[in-house]
Amino acid sequence: MAADGADGVNKGLAGMGGEVTTGLAIGYPASSVSLDGSRADRAPYVAGLRGPGFAGSTFDLFRGPHWTMLVFSDHLNSTESFAGLSADVHVHRIGTGAILDPRGTAAARFGAGPDTVVLVRPDGYVAARVPLWEAAQVRDHVQRLSSRQAVAA
């Protein structure tokens with residue numbers, strides 16, 4: 001049986017040298033851009049996501065020069081604390097009534113349990129992964145970084 005989609009690409013690349021050759025395994029050293037100052041790893045690619053007005057992959061959600069907040073939660077109000085963030089922060093809820101992760105692949109690859117927030121930098125690297133009850137920390141962090149970007153531009 002032939003591999004297709006992301007699995008087929010990953011298997012093909014593995015035969016040519018794997019993630020080291022493609023640069024996908026590269027991570028950034030500890031940095032203040034990460035919420036806890038830790039190493040930043042590339043956000044994983046996950047296909048098969050679907051929801052109201054959306055069908056695609058995590059890379060479709062990240063496309064563009066913006067921060068991406070993934071809120072893994074089935075609670076409809078779980079993104080309320082992110083209301084009012086600047087336009088360069090896109091917030092997506094993954095859960096019941098929103099973007100569906102039917103096989104749980106996104107949650108597994110992002111290391112996200114129920115009610116987890118993952119912040120992805122504009123360059124596609126993970127800047128934070130925290131429980132939803134720590135959402136204020138993520139909100140404050142991305143606001144600080146966004147305001148620094150605006151001043152630099």
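For reference, positions follow the sequence shown, starting with 1. Values below: all heavy atoms of this structure, side chains included; hydrogens, waters and symmetry mates excluded. Keep in mind that what you see is a predicted model, and the values were worked out from it rather than measured.
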Practice item. Compare every heavy atom of V118 with every heavy atom of A112, then report the nearest pair and how far apart it is. Key: CB-CG2, 4.5 Å
Check your understanding: How far does CD of E80 sit from CG of N77, to the nearest 0.5 angstrom?
Key -> 4.5 Å
**Study point:** Positive for side-chain hydrogen bond (donor to acceptor under 3.5 Å, both in side chains) with S73, one of T116, D115, T96
**Key:** D115
Review point. By salt bridge (charged side-chain N to carboxylate O under 4.0 Å, His left out), which residues pair with R63, not counting sequence neighbours?
Key: D60
Exercise for review: Please answer: with hydrophobic residues joined when any side-chain heavy atoms are less than 4.5 Å apart, are F72 and F54 in the same cluster?
Suggested key: yes
Review point. Do L119 and H141 have side chains that get closer than 4.5 Å, going by heavy atoms?
Key: yes
Review point. Do Q143 and L85 come within less than 4.5 Å of each other through their side chains, counting heavy atoms only?
Key: yes
Check your understanding: Looking only at heavy atoms, what is the nearest atom pair of S78 and R93, with distance?
Key -> OG-CD, 3.1 Å
Check your understanding: Quick one: do V71 and L100 end up in the same hydrophobic cluster if we chain Ile, Leu, Val, Met, Phe, Trp and Tyr together by side-chain heavy atoms under 4.5 Å apart?
Key -> no
Review point. Could you state the interatomic distance from OG1 (T79) to CE (M69), rounded to the nearest 0.5 Å?
Key: 10.0 Å
Check your understanding: Between atom CZ of R42 and atom CZ of R121, what is the distance when rounded to the nearest 0.5 Å?
Key -> 10.0 Å
Check your understanding: What closest approach, in Å, do A128 and V138 show between heavy atoms, and which atom pair accounts for it?
Key -> CB-CG2, 4.4 Å
Check your understanding: Within the side chain of R50, is there an N or O that forms a donor-acceptor pair under 3.5 Å with the backbone of P102?
Key -> no
Practice item. Taking D101 for its side chain and A106 for its backbone only, find out whether a donor-acceptor pair lies under 3.5 Å. Key: yes
Review point. In terms of hydrophobic clustering (I, L, V, M, F, W, Y; side-chain heavy atoms under 4.5 Å; direct or indirect links), are I94 and F59 co-clustered?
Key: yes
Study note, to complete from the structure: Between A47 and S57, the two heavy atoms sitting closest are CA-CB, 4.0 Å
Revision key, fill the gap. Given the options L70, V120, V46, L61 meets side chain to side chain contact (heavy atoms under 4.5 Å, CB included) only with L70
**Study point:** A135 versus F82, closest heavy-atom pair with distance
**Key:** CB-CZ, 3.6 Å
